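Only one structure is covered here, and it is reproduced in the block below.
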Amino acid sequence: MVSSSLFNPSFSTLTPKPTNPTTNRKNRLAPNVIACTSSTYDSSSPTTSTNSHPPTAPPANHSRRNAEENIKDEARRHRSASGSDSRGFTARYVPFNAGFDSAEWYSLDDIVYRSRSGGLLDVQHDMEALSRFDGAYWRSLFDSRVGKTAWPYGSGVWSKKEWVLPEIDPDDIVSAFEGNSNLFWAERFGKQYLSMNDLWVKHCGISHTGSFKDLGMTVLVSQVNRLRKLNRTVVGVGCASTGDTSAALSAYCAAAGIPSIVFLPANKISTAQLVQPIANGALVLSIDTDFDGCMKLIREITSELPIYLANSLNSLRLEGQKTAAIEILQQFDWEVPDWVIVPGGNLGNIYAFYKGFKLCRDLGLVDRIPRLVCAQAANANPLYRYYKSGWKEFKAVTAKSTFASAIQIGDPVSIDRAVFALRNSEGIVEEASEEELMDAMAQADSTGMFICPHTGVALTALIKLRRSGVIGPTDRTVVVSTAHGLKFTQSKTDYHSGAIPGMGRFANPPVTVNPDFGSVMDVLRGFLKSDRLNKKSL
Ligand SMILES: Cc1ncc(COP(=O)(O)O)c(C=O)c1O
Ligand SMILES: N[C@@H](CCOP(=O)(O)O)C(=O)O
């Protein structure tokens, strides 16, 4: 038997709130007594008390699960032993910018993507219930779940289940244990190119399907799984995509045995991205239009057929994506970075980051939020133009072709969410030309990364803001890397081989050499005399 203390929540040992948030890295307080006994397992059935106990260490030796039991069975057994479900925490759809108590609201089991007035929706949590627990409690609970395989908390998303979909039965969750992506200290890139010493890259693309979309898709597909078990008519799940949403949707649907349908703009996504839904068995429609055209079509189709919409217009997705922000704070031991830079396209993610940071501040895990920067490709820059107009006039654009193909979007569905996030975080919008984003990608790769062009867009924003002095040399800055570089090898190959006219400042083409000793020696002698060898180490 597994020791019950590992599984049973110890809500009875809560301290009264509030405690001091320990979040300003320049002025960090000594960690105060952790207010609860960490439990990896279900944290539901809270009962508040004013007793304060020091944390107890988890038992050193756990007995193994018995052979017939899988991790879901194990989690179920412990839930039934502790009698716990998700009592107390709840969430609902409300019109964007309305509170939990809004007169217009919908259950998360409703199939609804727009408010009555046609505006965006948002998932709102019952903050009163969540704030019965103080920041120290939540920090401790989330920290206790990292690096484990307990279902479903082994996922970086579901380790924050109470803040995501509190009421879903863990048995309905479809998860690849996504999240928990590495936060890379970009030491050499920071020093060499930016004179920065505290630059970090959050590698959200080092993930199950190679992009941050997994974080949102686990939530959306889990909810669809639940709806289908409730006998709701959902015959499949559909999305329009520039490549990453479709990859994530098809993988999670395939894992759950749910049909998926993806609308892709013909010849506008990378081969690696195209093959993902094909391999995962989705119905792939290659449509002779751009992403905005596909988006329009999928909205029409999903209002006509019982196909569930998986784009970020569906606010469920953002509940998963916001956990990347919480994870960044957690990885910094709940210290708040100064800046977070996110590449933007359909603009759900910038709002998801804002939401995650704000929730941490509102619930007392930290005492402030970082300044957000949204970075766009100059060829697809409606947000940038809007920002530059002083938020006066939004005009959709026809997005031009860009190497950052996943953000080739001219009419972003989450424009209002993005503006809200930026206005409330002293945010900035920057843009990157094709040459700038490709050069930034090559520079980053030359320091040991292997990033996607969209991360090149975000790095360009950083380079510009450093140059203008807006971001200082010691500012703790996080660049969000949104997809894996291996999905974009064609553009890297073209850059390095000189196939892109007018580009290649940092190209490193392979040297073709005859297969004999003399020829190889000639090349190496030249190399040994070159500047490349005299580059300083760190
Ligand atoms: C790799 C990549 N980066 C950035 C983005 C932008 O995210 P969002 O559409 O949420 O702004 C997307 C998708 O749009 C993407 O696929
Ligand atoms: N880059 C996205 C575009 C669609 O964004 P979504 O977040 O609204 O699904 C993609 O990969 O398809």
Side-chain angles (χ1 to χ4, degrees), residues 113 120 202-207 209-217 219-220 237-251 262-265 268-270 272-274 276-277 282 290-292 294-295 298-299 302 309-318 320-322 324 341-355 372-377 380-384 399 402-415 417-419 421-422 429 432 437 441 451-459 461 479-488 491:
Y113 315 118
L120 292 163
K202 174 69 173 164
H203 275 303
C204 293
I206 301 181
S207 176
T209 70
S211 88
F212 72 96
K213 305 286 180 176
D214 294 341
L215 304 175
M217 210 52 83
V219 175
L220 184 133
V237 192
C239 73
S241 183
T242 52
D244 290 323
T245 297
S246 46
L249 176 65
S250 51
V262 305
F263 289 13
L264 303 178
K268 289 191 174 65
I269 71 170
S270 77
Q273 289 171 310
L274 173 62
Q276 289 184 283
D290 56 9
F291 170 80
D292 298 297
C294 291
M295 190 70 223
I298 194 75
R299 284 170 69 170
T302 51
L309 178 67
N311 283 102
S312 58
L313 178 65
N314 185 328
S315 44
L316 270 185
R317 279 262 311 279
L318 306 182
Q321 288 173 213
K322 79 182 181 197
I341 306 177
V342 186
N346 221 10
L347 299 180
N349 211 27
I350 185 77
Y351 178 66
F353 270 90
Y354 171 76
K355 220 179 162 184
L372 297 180
V373 178
C374 189
Q376 292 211 294
N381 63 354
L383 179 73
Y384 178 76
T402 168
F403 287 107
S405 53
I407 52 175
Q408 189 182 330
I409 296 172
D411 192 8
V413 299
S414 286
I415 183 72
R417 292 172 173 149
V419 173
L422 290 160
V429 187
L437 74 91
M441 178 172 78
I451 59 164
C452 69
H454 321 85
T455 309
V457 172
L459 286 174
V479 171
V480 177
S481 178
T482 44
H484 202 297
L486 283 170
K487 290 197 189 195
F488 299 92
S491 57

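This structure is a prediction, so every number in the text was calculated from the model and none was measured. What's counted below: heavy atoms across the whole structure, side chains too, no hydrogens, waters or symmetry copies. Indexing begins at 1, ligand by ligand and atom by atom, following the structure's order.
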Could you check whether any side-chain N or O of [X] sits under 3.5 Å from a backbone N or O of [Y], counting only pairs where one atom can act as donor and the other as acceptor?
{"X": "Q321", "Y": "A352", "answer": "no"}
{"X": "S270", "Y": "K487", "answer": "yes"}
{"X": "S250", "Y": "A247", "answer": "yes"}

Report the C-alpha distance between L347 and Q376 in whole Å, list the side-chain angles of each, state the deciding distance to 0.1 Å, and finish with yes or no for side chain to side chain contact (heavy atoms under 4.5 Å, CB included).
CA-CA 10 Å; L347 299 180; Q376 292 211 294; 4.2 Å; yes

So which atom in [X] and which in [Y] form the shortest heavy-atom distance, rounded to 0.1 Å?
{"X": "G410", "Y": "A399", "answer": "N-CB, 3.7 Å"}
{"X": "I298", "Y": "C239", "answer": "CD1-N, 3.8 Å"}
{"X": "T482", "Y": "C452", "answer": "OG1-SG, 4.0 Å"}

Residue list, ring pair (Phe, Tyr, Trp, His ring centres under 6.0 Å) with F291, at least two apart or on another chain:
none

With a 4.0 angstrom cut-off on heavy atoms, strictly below it, pick out the residues next to ligand 2 and order them by chain and number.
K213, S241, T242, G243, D244, T245, F291, N311, S312, R317, N346, A406, I409

For ligand 1, what N or O to protein N or O distances fall under 3.5 Å?
{"residue": "ligand 1", "atom": "3 (N)", "partner": "T482", "partner atom": "OG1", "Å": "2.7"}
{"residue": "ligand 1", "atom": "9 (O)", "partner": "N346", "partner atom": "N", "Å": "2.7"}
{"residue": "ligand 1", "atom": "9 (O)", "partner": "L347", "partner atom": "N", "Å": "3.3"}
{"residue": "ligand 1", "atom": "10 (O)", "partner": "G348", "partner atom": "N", "Å": "3.2"}
{"residue": "ligand 1", "atom": "10 (O)", "partner": "N349", "partner atom": "N", "Å": "2.8"}
{"residue": "ligand 1", "atom": "11 (O)", "partner": "G345", "partner atom": "N", "Å": "2.7"}
{"residue": "ligand 1", "atom": "11 (O)", "partner": "N346", "partner atom": "N", "Å": "3.4"}
{"residue": "ligand 1", "atom": "11 (O)", "partner": "L347", "partner atom": "N", "Å": "2.8"}
{"residue": "ligand 1", "atom": "14 (O)", "partner": "A406", "partner atom": "O", "Å": "3.4"}
{"residue": "ligand 1", "atom": "16 (O)", "partner": "D244", "partner atom": "OD2", "Å": "2.7"}

Please name all residues satisfying salt bridge (Lys or Arg N to Asp or Glu O under 4.0 Å) with K355, sequence neighbours left out, ordered by chain then number.
D122, E319

